[in-house]
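A quick write-up on the structure given underneath.
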Number of protein chains: 2
Amino acid sequence: MRPTVHDIADTAGVSLATVDRVLNDRPGVRGVTRAKVEAAIAALGYVRDVAAANLAKSRVYPLVFILPEGDNPFMRGLEAEVRRAGLHSASERTRLSVVTVPAFDAGALAQAIDGAIAENVSGIAVVAVDAPEVSTAVGRAHAAGIPLVTLVSDLAGSGRDHFVGVDNIAAGRTAGSLMGRFLGGRPGPVAVLAGSMRVRDHRERLEGFCAAMAEMPVARAILPVLEGQDDPARSRVLMSECLAAVPDLAGVYSLGAGNQGLVAALADGERDDICVIAHELTAHTRAALEAGTIDAVLNQDAGHEVRSAIRVLRAKADGLPVIAAQERIRLDIFIKDNLPAGPDEDDGN
Amino acid sequence: MRPTVHDIADTAGVSLATVDRVLNDRPGVRGVTRAKVEAAIAALGYVRDVAAANLAKSRVYPLVFILPEGDNPFMRGLEAEVRRAGLHSASERTRLSVVTVPAFDAGALAQAIDGAIAENVSGIAVVAVDAPEVSTAVGRAHAAGIPLVTLVSDLAGSGRDHFVGVDNIAAGRTAGSLMGRFLGGRPGPVAVLAGSMRVRDHRERLEGFCAAMAEMPVARAILPVLEGQDDPARSRVLMSECLAAVPDLAGVYSLGAGNQGLVAALADGERDDICVIAHELTAHTRAALEAGTIDAVLNQDAGHEVRSAIRVLRAKADGLPVIAAQERIRLDIFIKDNLPAGPDEDDGN
DNA sequence: CTGTTAGCGCTTTCAG
DNA sequence: CTGAAAGCGCTAACAG
């Protein structure tokens, strides 16, 4: 049997309370006593049973996730993952809630953050819009001692405690690298369809993409970015115009959530010869991948992100360190052949 | 506060013990009583606190992992992941151990399985060699009521309770698909380097690869399989001979663990123009990917696999159902640009 | 500064 | 068939 607090108490010749004080290094223990206890801990090779500890301190951690509203499928997927995690929140002693705000709206976002601060939650996760109002609101959370992590899209030089999401420059590079290889020697420029250059993840993806394309053996023109505001109709129009204007278009990099519009435009123009690389595995991108319209999808696992955000916020709330390496979010590459299970099945890993 | 067993007992007008009997559907409860309790459970929306339950039943589950010995880096990585999981085994109430047996040795493997049965462990995870001796040993485990899962490589028509690993046919298809796209119109045959056709995962990968290559727009010859026994020296020799014999070789699919030898042979022959797709992200493949020798690596996350095996074995030992969708292991595609953190850093997801 | 005691939510004897 | 009571490993009052 593994040693317990009782064993420590016995071999150190002190009471349970004292052992507990040392373990959680709370004040009120003499140096000598502390030393005895620490010796016993080391000698017995004690490891704390976290589950039991959580059970005992029946504290709960109310955490709030602030996400953009609207029909962006990735964001709705994120929301679904938060709710799914909420089911397990039981044993994790957390209470999760979701607040949605208009997309790309810095003011509304700042207000939502202030709302969470007012409710005195124990942690905030927010899909950031990179704007000063947001930064100052994040500063207020910090001042109030409430841990805050940015999710998916980061905020430059703010007081956020941690960023949960992929390395978007690397994501862009990956897209560029695949695009270059898939196109090979085929001539023609590539188009880039984004949501908005106001969010940091989109800017970074573009940067990485251009860098990787520039390193390819075959030089290739990259057309000016089309900003579709992650709106299907708008993205479709922009893309259709582009297809009409650039008959020799060879590829499209869709780095935001405009995929539904993109696929529609490609169907309208009957252009299944174009190499398309998109982000986020959703019902739309999955279908397009299976149909051969999209060639590769880069994905960040929403489930992993949500669980990571929860772990980090809890750790911060408890004043525990975050193991950075453990919280890195991977960039998945999907092609038709390695598509995972179904859209609403979860791998829980 | 969430409802507890006490609340159920109160509203159902029974004792804790009875509630517990119903919850874990143990015998010894009258139909009427059971109904009352179930009504209360439903009414209160009770969800069991698994952590507390585990704490109370201080039962531990000894699980044994049987892995091939030798310097196969993927297998050593698997072993490392088992040990890492062992650290957390605390709160999971499991005790993990590892047994290694000579690679591709069905007799030794069968013997190890019998050994575990004799020790009366609560679960066995085994990297299978696809042979009759192994199947019968698996049958004995089944007869003894010991849950057994195959890990990484499956066993045809055996009594294994579950397979933890990737869909290897899909993995082969993915490799073929990428190889076809990367090579584009470039002429020349491709070689296949395997470990042994005696393990099922290698056979399945080959099958998927050939199928995908056959569907490519450009027809391409696939050379006879080279079986390197996952041994660096042997793989190197085979590969070198192949390079010498086939000067216009366009690509290599390494579907086993012979990557060290493969990379050495390519270096010997100064052939960095060949498109190489390999399996499993290890120190060697990572370095070769960064150097540009290998173009893509398909990976199964050893950490995920180990944790999945543990979850499944525990569930089986407890007679609980396994949520298949949750246990599916993804096939990761890595290129130079989306390589994850470091080789010994874990993402724990 | 240190110890005693009563739980957290669940399981498990052992009596009735 | 059902209930009372004791604990799992840890924390948190409250006394000393």
Side-chain angles (χ1 to χ4, degrees), chain A residues 1-38 40-41 44-61 88-95 317-320, chain B residues 1-38 40-41 44-61 88-95 317-320:
Chain A
M1 257 334 341
R2 261 207 358 244
T4 76
V5 277
H6 289 94
D7 302 319
I8 301 178
D10 289 354
T11 81
V14 298
S15 77
L16 284 187
T18 302
V19 173
D20 186 68
R21 287 183 189 106
V22 174
L23 280 175
N24 300 288
D25 53 34
R26 270 189 276 271
V29 186
R30 244 187 328 163
V32 228
T33 323
R34 176 176 297 273
K36 273 195 302 187
V37 175
E38 276 163 353
I41 292 177
L44 297 179
Y46 170 81
V47 220
R48 172 215 246 87
D49 183 330
V50 207
N54 280 331
L55 176 59
K57 49 170 177 240
S58 31
R59 173 178 175 193
V60 294
Y61 301 76
H88 303 261
S89 64
S91 33
E92 316 290 326
R93 314 259 142 218
T94 58
R95 198 196 5 260
D318 279 338
L320 300 174
Chain B
M1 261 315 21
R2 258 205 3 241
T4 77
V5 277
H6 288 94
D7 301 320
I8 301 179
D10 289 353
T11 80
V14 298
S15 77
L16 285 188
T18 301
V19 173
D20 186 67
R21 288 186 187 104
V22 174
L23 280 175
N24 300 289
D25 52 35
R26 270 188 276 272
V29 185
R30 245 188 326 164
V32 229
T33 324
R34 177 176 296 273
K36 271 195 304 188
V37 175
E38 276 164 351
I41 292 177
L44 297 178
Y46 171 81
V47 219
R48 169 215 244 90
D49 184 329
V50 208
N54 280 330
L55 176 59
K57 49 170 179 249
S58 31
R59 172 175 177 197
V60 293
Y61 302 76
H88 303 263
S89 64
S91 33
E92 316 291 326
R93 316 259 141 217
T94 59
R95 200 198 3 262
D318 280 338
L320 299 175

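Here is the naming used below: chain letters follow the sequence lines, and residue numbers restart at 1 for every chain. The analysis underlying the following values was restricted to heavy atoms, covering all of them including side chains, and did not include hydrogens, waters or symmetry mates.
- Between atom CD1 of residue I8(B) and atom CD of residue E38(B) there is a gap of 10.5 Å, rounded to the nearest 0.5 Å.
- Contact between the side-chain N/O atoms of T33(B) and the OP1/OP2 oxygens of dC1(D) is not found at any separation under 4.0 Å.
- Computed from coordinates, the L16(A) CG to dC14(D) P distance equals 19 Å when rounded to whole Å.
- Residues of residues 17-28 of chain B that place a heavy atom closer than 4.0 Å to DNA chain C, in numerical order, are A17(B), D20(B), N24(B), R26(B).
- Taking the C1' atoms of five terminal pairs at each end of the helix from dC1(C)-dG16(D) to dG16(C)-dC1(D), the two resulting helix axes are inclined by 40°, rounded to 10°.
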Please list, pair by pair, any protein nitrogen or oxygen found under 3.5 Å from a nitrogen or oxygen in nucleotides 7-9 of chain C.
residue, atom, partner, partner atom, Å
dC8(C), O2, L55(A), O, 3.3
dC8(C), O2, A56(A), N, 3.0
dG9(C), N2, A52(B), O, 3.3

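- Residues D20(B) and R26(B) are in side-chain contact: their nearest non-hydrogen atoms beyond the backbone lie under 4.5 Å apart.
- When side chains are defined from C-beta on, N24(A) counts as touching R48(A), because their heavy atoms get closer than 4.5 Å.
- Using a 4.5 Å heavy-atom threshold, the side chains of L23(A) and I41(A) count as touching.
- Here the C1' atom of nucleotide dT2(C) and the CD1 atom of I8(A) are 17 Å apart, to the nearest Å.
- D25(A) is listed as a side-chain neighbour of R34(A), based on a closest heavy-atom distance under 4.5 Å.
- dA4(D) atom P lies 11 Å from atom CG of D10(B), rounded to whole Å.
- Using a 4.5 Å cut-off on side-chain heavy atoms (C-beta onward), D49(A) and R2(A) make contact.
- Counting heavy atoms from C-beta outward, T4(A) and D7(A) have side chains that approach closer than 4.5 Å.
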